[in-house]
Engineer: 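Quick one: the structure is below, and I'll ask about it shortly.
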Amino acid sequence: MKSKLGLDFKKVEYARKLSKKIADGVKEFVEPRSTTSIERTICRFLGIDGVNAEGVPLPNVVVDHLKENGLLEMGAAYCIGNAIIETGLSPQQIAEEIAGKKLNIGKLKMNSLDKVLDTLEPYVNQTINKIKDNKETRERMIREIGEGKQPYLYVIVATGNIYEDVVQAQAAARQGADIIAVIRSTAQSLLDYVPYGPTTEGFGGTYATQENFRIMRKALDEVSYEVKRYIRQVNYASGLCMPEIAAMGALERLDMMLNDALYGILFRDINMQRTIIDQHFSRVINGFAGIIINTGEDNYLTTADAYEEAHTVLASQFINEQLALMAGIPEEQMGLGHAFEMNPDIENGFLYELAQAQMAREIFPKAPLKYMPPTKYMTGNIFKGIVQDAMFNVVSIWTKQGIQLLGMLTEAIHTPFMSDRYLAIETAKYIFNNMRNIGDEIYFKEDGIIQKRAKQVLDEAIELLKKIAEDGLFKALSKGVFANVKRPIDGGKGLDGVFLKGKNYINPFIEKMLEGRC
């Protein structure tokens with residue numbers, strides 16, 4: 001299809017080649033390494049759940065035990081499989097014995113890798129089949145009751161109490177929302193464990209726990225049948241427990257995960273080695289489970305100027321695309337992020353925003369792009385704010401975005417009221433209905449403001465990708481190429497959880513998920 005922006009798609013392909021080179025460098029680094037959070041994920045997938053007498057999650061207890069006994073490089077899968085052979089216990093029972101100081105798996109006789117893999121096979125298959133069943137359930141429900149039109153209307157709940165979140169989520173679905181994101185409690189991304197059970201005391205959001213996922217899933221399924229529209233559930237696979245939260249989402253049938261490769265590095269100061277290794281396994285899980293990932297390029301523009309740094313968003317989208325492909329995620333599950341965040345005082349700012357959004361749509365035609373609302377320049381002037389949000393909605397329907405996170409009337413003042421959410425949904429529905437096919441009807445002036453802007457951003461993104469490809473992603477991040485934030489390769493939180501895999505290391509889940517992705 002001919003580009004409305006007059007883009008040179010040879011340049012687009014060149015950008016993808018540069019991004020693949022960057023991703024290949026990441027792959028070379030990731031493959032010989034694992035992390036404590038990946039090993040805890042393997043424990044969870046083998047059926048280990050619950051907490052010890054002190055409230056420490058059993059996956060943490062087991063992995064800490066391996067680390068203390070010098071077994072971490074062998075990996076949780078081998079060590080647990082070997083313990084099954086030697087004790088006759090299940091993975092859950094093994095974890096409980098370790099927690100009770102009744103078992104030291106470092107003192108057990110070591111069996112052959114083949115024997116361990118055979119022993120693990122039924123546990124691995126049980127989890128793989130559960131995730132497949134969840135994917136099939138989602139697809140069946142969408143066939144039976146349907147879904148909203150794109151752009152899907154995406155709203156948040158953030159009360160801190162999962163039961164209150166349920167009330168607000170169901171109300172939002174009845175008002176017309178298609179996607180409910182449960183915001184996590186402040187700073188959960190910095191916890192190196194996943195809280196256990198239902199929670200009611202989060203601050204600025206609700207803790208991501210498997211039980212909270214289960215409670216919200218049940219509530220959204222109920223309201224889906226009521227409104228005759230499948231309602232998608234979202235949470236956040238980022239931070240020090242990135243793969244664990246992806247695993248919980250796959251087991252409880254979440255539909256979308258915030259799963260950016262760089263967000264934790266840039267905005268939470270999590271060590272880049274830890275994050276880059278963790279993001280790969282988390283994305284493999286999401287890809288296999290049919291979960292749409294959302295990337296966080298919109299966040300760059302909250303710390304850097306949206307006009308001057310627009311090319312960094314596009315460059316990051318290219319890199320995220322290649323890292324997602326590397327993890328087996330199809331384009332249809334790549335909710336690449338961008339945002340309507342330019343200073344409203346810029347003359348012709350709407351045209352520049354339109355150029356950026358149209359460019360993302362043309363370069364990533366199959367991706368359900370996630371478009372974020374204006375936030376940086378929102379003020380207490382709610383009347384101007386609702387106009388900014390309306391212009392954002394116009395760009396979204398015009399350029400056929402896939403996922404629309406709605407701006408709220410008073411979000412610059414406090415967590416939005418339910419009434420604000422209602423107004424945001426009604427406004428978006430009105431604009432989307434009245435302008436549904438505007439993008440099919442209007443073409444852009446050749447070499448006009450919009451076309452020139454898109455070409456400029458693409459050219460600048462290519463120049464940036466050249467530099468990143470030359471330096472490698474780690475060095476580029478240390479130079480502050482994204483969001484004007486510099487991070488050292490050995491700095492930040494979580495580096496002590498990174499290790500080199502030993503000779504007999506295995507992760508049977510990653511192999512099956514990449515080989516058996518539907």
Side-chain angles (χ1 to χ4, degrees), residues 34-84 87 89-108 123 127 160 162 184-203 205-215 235-249 251-252 264 268 270-271 274 277-278 281-282 493-499:
S34 185
T35 70
T36 48
S37 41
I38 288 174
E39 301 312 306
R40 297 195 302 253
T41 305
I42 290 169
C43 290
R44 290 178 182 276
F45 274 161
L46 290 173
I48 295 173
D49 197 10
V51 294
N52 69 6
E54 290 76 40
V56 179
L58 290 181
N60 287 68
V61 170
V62 172
V63 173
D64 289 347
H65 177 76
L66 297 180
K67 195 171 184 178
E68 289 161 8
N69 287 277
L71 300 172
L72 196 54
E73 68 171 18
M74 299 175 73
Y78 176 87
C79 292
I80 293 168
N82 186 69
I84 294 170
T87 65
L89 301 175
S90 70
Q92 179 68 20
Q93 290 169 329
I94 290 166
E96 290 168 357
E97 291 290 296
I98 291 171
K101 311 292 185 186
K102 298 175 183 176
L103 175 65
N104 184 335
I105 60 179
K107 295 182 178 179
L108 300 174
Y123 298 98
T127 295
I162 187 59
R184 285 193 302 187
S185 185
T186 299
Q188 184 179 345
S189 61
L190 302 182
L191 299 180
D192 211 350
Y193 67 94
V194 179
Y196 180 76
T199 66
T200 58
E201 296 180 338
F203 179 80
T206 304
Y207 285 102
T209 75
Q210 191 162 346
E211 183 60 26
N212 285 349
F213 286 3
R214 188 177 295 125
I215 290 167
N235 216 281
Y236 297 74
S238 60
L240 289 168
C241 297
M242 186 185 289
E244 287 182 90
I245 292 177
M248 296 182 336
L251 292 171
E252 301 302 332
R268 294 294 179 265
I270 295 172
N271 175 262
R274 173 75 174 262
I277 298 165
D278 281 348
F281 189 32
S282 68
K493 305 165 187 74
L495 179 59
D496 60 345
V498 175
F499 66 93

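Numbers here are sequence positions counted from 1.
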Engineer: With rounding to the nearest 0.5 angstrom, report the SG to CD1 distance, C79 to I42.
Structural biologist: 10.5 Å
Engineer: Holding to salt bridge (charged side-chain N to carboxylate O under 4.0 Å, His left out), I want the full list of residues that pass it with E96, two or more places apart in sequence or in another chain.
Structural biologist: none
Engineer: Looking at side-chain heavy atoms only, is the closest gap between P57 and V194 below 4.5 Å?
Structural biologist: no
Engineer: Return yes if some donor-acceptor pair links the side-chain N/O of T35 with the main-chain N/O of G497 below 3.5 Å, else return no.
Structural biologist: no
Engineer: At what distance, to the nearest 0.5 angstrom, does CD1 of I80 lie from SG of C43?
Structural biologist: 4.0 Å
Engineer: Sub-3.5 Å donor-acceptor pair from the side chain of Q92 to the main-chain atoms of D49, do we have one?
Structural biologist: yes
Engineer: Is there a side-chain contact between V51 and V61 (heavy atoms, below 4.5 Å)?
Structural biologist: no
Engineer: Got I245 and F213 here, is their nearest side-chain heavy-atom distance under 4.5 Å?
Structural biologist: yes
Engineer: For the side chain of S185 and the backbone of Q188, is there at least one donor-acceptor N/O pair under 3.5 Å apart?
Structural biologist: no
Engineer: Give every residue pair that meets the ring pair (Phe, Tyr, Trp, His ring centres under 6.0 Å) criterion with at least one member in residues 34-61, sequence neighbours excluded.
Structural biologist: F45-F509
Engineer: Does the side chain of L191 come within less than 4.5 Å of C241's, by heavy atoms?
Structural biologist: no
Engineer: Sub-3.5 Å donor-acceptor pair from the side chain of T41 to the main-chain atoms of E244, do we have one?
Structural biologist: yes
Engineer: Taking only residues two or more places apart in sequence, or in another chain, which ones meet E54 in a side chain to side chain contact (heavy atoms under 4.5 Å, CB included)?
Structural biologist: N52, V56
Engineer: Sequence neighbours excluded, which residues qualify as salt bridge (charged side-chain N to carboxylate O under 4.0 Å, His left out) partners of D192?
Structural biologist: R40, R274
Engineer: Taking T206 for the side chain and G202 for the main chain, is one N or O donor matched with an acceptor at less than 3.5 Å?
Structural biologist: no
Engineer: Does anything in residues 51-77 pair up under ring pair (Phe, Tyr, Trp, His ring centres under 6.0 Å), and if so which pairs, sequence neighbours excluded?
Structural biologist: none
Engineer: What's the shortest heavy-atom distance between P198 and E211, and which atoms?
Structural biologist: CD-CG, 3.5 Å
Engineer: Any side-chain donor-acceptor pair under 3.5 Å between S238 and R184?
Structural biologist: yes
Engineer: Just so I know, are the side chains of E39 and S34 near enough to count as touching, which here means a heavy-atom distance under 4.5 Å?
Structural biologist: yes
Engineer: Pair up each side-chain donor or acceptor in residues 98-105 with any protein partner under 3.5 Å, not counting sequence neighbours, and list the distances.
Structural biologist:
| from | atom 1 | to | atom 2 | distance (Å) |
| --- | --- | --- | --- | --- |
| N104 | OD1 | G106 | N | 2.8 |
| N104 | ND2 | N69 | OD1 | 3.2 |

